[in-house]
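Numbers here are sequence positions counted from 1.
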Amino acid sequence: GLLNAQPMGFYSPNSLVQDARRYGVVVLGPDVNESGYDCTVVPHPCDPDDIVTYGPGAWRRGRGPVEDPVRLGTAMRMGLRYVRELGEAEISRIEAARLGGGSFVSVIDLAQRTGLPVEGLEGLAASGALEVLDVGRREGLWAAGALSGMGPGRLAIAAGIDPPALPGMTEQETLQADLWSTGVSVRHPVEFVRERLTEMGCRSIADLLDDHPHGRKVLVGGVVTHRQRPMTAKGVIFLNLEDETGLLNVIVLPGVWDANRDVARRSVGLVIEGVLEYRDGVTNLVARRFSGWPVEGVKSRNWGGSAWR
């Protein structure tokens with residue numbers, strides 16, 4: 001429901017998906033034959049013994065809390081509304097073509113029956129939505145230009161559609177393609193630098209939330225999802241730092257912000273040294289020092305108007 005109501009609220013669609021996955025929700029990318037306009041819940045084979053834990057709870061992946069009776073396996077399928085360059089008109093063409101002629105059997109069939117523009121075909125390809133047609137992301141991007149000349153009432157000719165031998169995308173390239181094409185990925189950027197962060201002495205956010213060592217100096221790395229500067233906070237900045245394991249509240253006092261302003265304001269990927277506070281069941285990190293690390297495809301949301309300029 002939250003994903004289908006976007007744009008709204010405090011958290012980005014990607015943060016919502018990352019949090020849902022930590023609670024055992026299975027998230028599937030867009031599929032040109034299965035996705036509707038909105039995100040939907042679909043049947044999905046899920047191993048009842050595949051259990052994920054987060055905080056004090058445990059969930060059967062795709063089947064609900066472990067203390068509940070075992071449910072039918074389900075997943076959330078991303079809607080076509082999230083695919084780059086697909087608007088209501090383009091999605092309506094896809095849905096109408098499926099309703100009238102059944103599932104697409106090839107990318108030529110898709111292009112001929114919908115007449116999608118090159119940008120829409122590129123978005124579908126980059127998101128992995130054409131993989132059901134046995135077309136990889138790179139192959140789909142290659143073919144998009146040739147396919148864009150097709151459509152109802154035109155000859156089914158797509159010269160140059162066959163690509164040369166192309167290597168598959170790496171896991172990191174797939175993440176970047178997901179973020180570029182939909183703004184959402186089932187992988188997290190921090191996964192790919194976890195080894196380096198561990199070597200630096202960084203702890204995972206889940207580890208800190210589980211252990212909550214009050215008063216201890218710690219080092220943690222992640223992606224800044226939000227920066228807030230409330231007018232009533234006397235210059236205190238609040239950050240939300242996310243890694244592949246969880247979300248951590250970070251408090252930045254005015255003097256610390258001034259000393260680290262450039263990196264703290266501009267960098268999406270941050271390593272933060274600070275002191276952990278645990279009070280009344282809430283864990284916060286009081287920041288002391290910042291350093292940045294490069295991350296592509298993810299943006300932070302800044303709240304507080306002109307305070308960030």
Side-chain angles (χ1 to χ4, degrees), residues 11-12 14-15 17-19 21-23 52-56 169-180 183-229 236-279 282-302 308:
Y11 294 101
S12 69
N14 195 45
S15 289
V17 165
Q18 296 297 332
D19 195 52
R21 293 183 66 247
R22 289 190 279 270
Y23 286 92
V52 57
T53 59
Y54 183 57
M169 288 187 177
T170 65
E171 291 183 336
Q172 192 163 1
E173 288 171 338
T174 299
L175 164 71
Q176 292 169 353
D178 284 339
L179 294 175
W180 177 84
V184 174
S185 179
V186 297
R187 303 294 300 274
H188 198 283
V190 177
E191 293 181 44
F192 301 100
V193 295
R194 173 54 61 194
E195 184 175 350
R196 178 154 59 95
L197 291 176
T198 301
E199 290 173 353
M200 293 171 59
C202 291
R203 297 177 63 179
S204 73
I205 289 175
D207 185 27
L208 295 177
L209 295 177
D210 289 341
D211 191 21
H212 43 74
H214 178 75
R216 187 181 303 174
K217 185 168 72 173
V218 298
L219 197 65
V220 61
V223 170
V224 178
T225 61
H226 303 86
R227 298 179 182 89
Q228 301 176 75
R229 191 169 193 167
V236 176
I237 308 292
F238 300 93
L239 309 180
N240 290 112
L241 191 73
E242 181 184 79
D243 69 5
E244 76 277 30
T245 70
L247 194 66
L248 179 66
N249 300 318
V250 181
I251 300 171
V252 190
L253 300 178
V256 175
W257 178 262
D258 292 341
N260 297 268
R261 181 181 178 87
D262 284 347
V263 63
R265 181 169 66 96
R266 298 174 187 271
S267 297
V268 177
L270 286 176
V271 173
I272 304 177
E273 177 187 320
V275 176
L276 214 64
E277 287 188 347
Y278 180 72
R279 290 192 177 94
V282 177
T283 301
N284 296 308
L285 178 68
V286 181
R288 297 283 179 82
R289 294 183 181 85
F290 294 79
S291 59
W293 59 275
V295 57
E296 298 180 14
V298 179
K299 295 181 180 180
S300 302
R301 293 185 171 188
N302 297 331
W308 306 107

Find out whether [X] and [Y] are in side-chain contact, i.e. whether some heavy atom of one side chain is under 4.5 Å from a heavy atom of the other.
X: V220; Y: R203; answer: no
X: L276; Y: N284; answer: no
X: V184; Y: L179; answer: no
X: Y11; Y: D19; answer: no
X: V223; Y: H188; answer: yes
X: P189; Y: L175; answer: yes
X: P254; Y: V236; answer: yes
X: L241; Y: L285; answer: no

At their closest point, which heavy atom of [X] faces which heavy atom of [Y], and how far apart are they?
X: W293; Y: G222; value: NE1-O, 3.3 Å
X: I272; Y: A287; value: CG2-CB, 3.7 Å
X: R227; Y: A264; value: NE-O, 2.8 Å
X: R22; Y: Y54; value: O-CB, 3.4 Å
X: G183; Y: N14; value: O-CB, 3.4 Å
X: R288; Y: V256; value: O-CG1, 3.4 Å

(request) Mind running side chain to side chain contact (heavy atoms under 4.5 Å, CB included) on E191 and Q172 for me, showing each step along the way? (result) CA-CA 9 Å; E191 293 181 44; Q172 192 163 1; over 6 Å; no
Roughly how far, to the nearest 0.5 Å, is [atom2] of [Y] from [atom1] of [X]?
X: E244; Y: I205; atom1: CD; atom2: CD1; answer: 8.5 Å
X: M169; Y: Q176; atom1: CE; atom2: CD; answer: 9.0 Å
X: K217; Y: R289; atom1: NZ; atom2: CZ; answer: 6.5 Å
X: L209; Y: Y278; atom1: CG; atom2: OH; answer: 10.0 Å
X: S291; Y: L219; atom1: OG; atom2: CG; answer: 7.0 Å
X: L247; Y: E242; atom1: CG; atom2: CD; answer: 5.5 Å

(request) Starting from the C-alpha separation in whole Å, work towards a yes-or-no answer on side chain to side chain contact (heavy atoms under 4.5 Å, CB included) for F290 and L239. (result) CA-CA 12 Å; F290 294 79; L239 309 180; 3.8 Å; yes
Using only atom types and a distance under 3.5 Å, with no angle test, would you say the side chain of [X] pairs donor to acceptor with the backbone of [Y]?
X: S12; Y: S15; answer: yes
X: T245; Y: A206; answer: yes
X: Q18; Y: S185; answer: yes
X: N240; Y: H226; answer: no
X: D243; Y: G246; answer: yes
X: D211; Y: D207; answer: no

(request) Report the C-alpha separation of R187 and T174 in whole Å, then their side-chain angles, then the decisive distance to 0.1 Å, and conclude whether the side chain to side chain contact (heavy atoms under 4.5 Å, CB included) test is met. (result) CA-CA 9 Å; R187 303 294 300 274; T174 299; over 6 Å; no
(request) Show your reasoning for whether side chain to side chain contact (heavy atoms under 4.5 Å, CB included) applies to V250 and F238. (result) CA-CA 6 Å; V250 181; F238 300 93; over 6 Å; no
